[in-house]
Amino acid sequence: MKQLYVIGMGPGGADQLTPQARYALEASQVLCGYTTYLDLARDFQDGREIVSTPMTQELERCRLALERAAEGKTTAMICSGDAGVYGMAGPILQMAEDFPEVEIEVIPGVTAALAGAAVLGAPLMHDFAVISLSDLLTPWPVIEKRLDCAGAGDFVLCLYNPMSKKRRDHLRRACDILLKHRSGDTVCGWVKNIGREGQEHRLLTLEELREEQVDMFTTVFIGSQSTREISGRMVTPRGYEAKG
Ligand code: SAH
């Protein structure tokens, strides 16, 4: 069988890799991925062919992975977090129409939203929305509209790609939209390098978040109107108290 695994590696820690992902990595002859993410699979690199492409070459990377699998080599496409959350599972499945002989299995991983939430406490106990602030593939006005709708719906927000070198003001602009719907002292938090060396986190208010400098290795959480700080943890009540 010609097999391609699209693997979510989790946020970073070896103990955050699922056993299912581990089995698929062990079964693979070729590891394919963006250089930084391949590092997540360093324990599996010995004796395996490594195919890496730079950050912007996503489609080329997918094609190379599908070609290796079509040659009969069991191949793993490595993604950070979950493969289907801003990962490569989508583009692989789209391109796979040209490779009908390749069997594709998507293997889930712990996405940054869930791993980061656990570091902060329990911010995602109630309805939440995940929005990427990267406008590389989504026009900025669409991102603004989604932020505005999530704000109006009082969703807890989880923001991926909060800042890039080129666009340093995305997070501030996102906070300004949210400030139309919630108060400046709304509980927020960020987690950097989740599960990796140098993991850091901070709880802060929405007003403070507006002034904060974060980077692309950070996931940001904006509380709903009911999110609270309890003993240094960010918690969104599930609502049991009100049920009586
Ligand atoms: N597929 C990945 C997301 C890729 S988009 C996943 O499911 O987690 C890249 C964004 O994800 C980063 O800009 C950051 O906001 C977030 N992210 C991914 N890994 C992270 C980590 N280890 N620590 C903090 N944020 C992370």
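Because the structure is a prediction, the values reported are computed rather than measured. Numbering of ligands and ligand atoms starts at 1, following listing order.
Annotation: Y160 places no N or O atom under 3.5 Å from an N or O atom of ligand 1; distance criterion only. On a distance-only criterion, P11 and ligand 1 share at least one N/O pair closer than 3.5 Å. Considering backbone and side-chain atoms alike, I194 places an N or O below 3.5 Å from some N or O of ligand 1. Considering backbone and side-chain N/O of K192, none are found under 3.5 Å from N/O of ligand 1. Remark: ligand 1 and Y37 share no N or O pair separated by less than 3.5 Å (distance only, no angle test).
Of all the atoms in ligand 1, the ones that sit under 4.0 Å from a non-hydrogen atom of T111 are 6 (C), 7 (O), 8 (O). The ligand atoms of ligand 1 that sit less than 4.0 angstrom from a heavy atom of Y86 are 4 (C), 5 (S). Applying the 4.0 Å criterion to heavy atoms of F217 picks out, from ligand 1, the atoms 23 (N), 24 (C), 25 (N). Short contacts between ligand 1 and P162, defined as distances under 4.0 Å to a heavy atom of the residue, involve ligand atoms 15 (O). Near M216, with a cut-off below 4.0 Å to any heavy atom, the atoms of ligand 1 are 12 (C), 13 (O), 14 (C). Taking a cut-off of under 4.0 Å to the non-hydrogen atoms of N193, the atoms of ligand 1 that pass are 23 (N), 24 (C). Every atom of ligand 1 is numbered from 1 in the order shown, and the set under 4.0 Å from a heavy atom of V191 is 24 (C).
When hydrogens are left out, the protein atom nearest atom 16 (C) of ligand 1 is T219 OG1, 3.4 Å; that is the closest non-hydrogen contact.
Residue contact check for ligand 1: S80 places a non-hydrogen atom closer than 4.0 Å to it. Assignment of G12 to the shell around ligand 1 is not supported, since no heavy atom sits closer than 4.0 Å.
A salt bridge between D176 and R173 is absent, with no side-chain N of the basic residue lying under 4.0 Å from a carboxylate O of the acidic one.
No more than 12 heavy atoms of other residues, nucleotides or ligands lie within 6.0 Å of CZ in R146, so this atom counts as exposed by the packing criterion. Around CD of E26, the count of heavy atoms belonging to other residues, nucleotides or ligands within 6.0 Å exceeds 12.
For the pair R228 (side chain) and P237 (backbone), a donor-acceptor distance under 3.5 Å is absent. Proximity of a side-chain donor or acceptor of Y160 to a complementary backbone N or O of Y86 within less than 3.5 Å is not detected. Between the side chain of Q29 and the main chain of T74, a donor-acceptor pair closer than 3.5 Å is present. Between the side chain of R196 and the main chain of P11, a donor-acceptor pair closer than 3.5 Å is present. Side-chain atoms of R63 never come within 3.5 Å of backbone atoms of M95 as a donor-acceptor pair (strictly under, hydrogens ignored).
Considering every non-hydrogen atom in both G232 and L203, the closest pair reads O-CD1, 3.4 Å. When all heavy atoms of T236 and S226 are compared, the pair lying nearest together is CG2-OG, 4.4 Å.
Closest heavy-atom approach to atom 1 (N) of ligand 1 within the set L40, V85, N161: this belongs to V85. Nearest-heavy-atom check against atom 18 (C) of ligand 1 across G13, G8, A112 picks out A112.
With a heavy-atom cut-off of 4.0 Å, C79 does not touch ligand 1 at all. At a heavy-atom cutoff of 4.0 Å, ligand 1 is contacted by no atom of V220, backbone or side chain.
The residue from D154, D148, T186 that alone fulfils the side chain to side chain donor-acceptor pair (under 3.5 Å) condition with H181 is D148.
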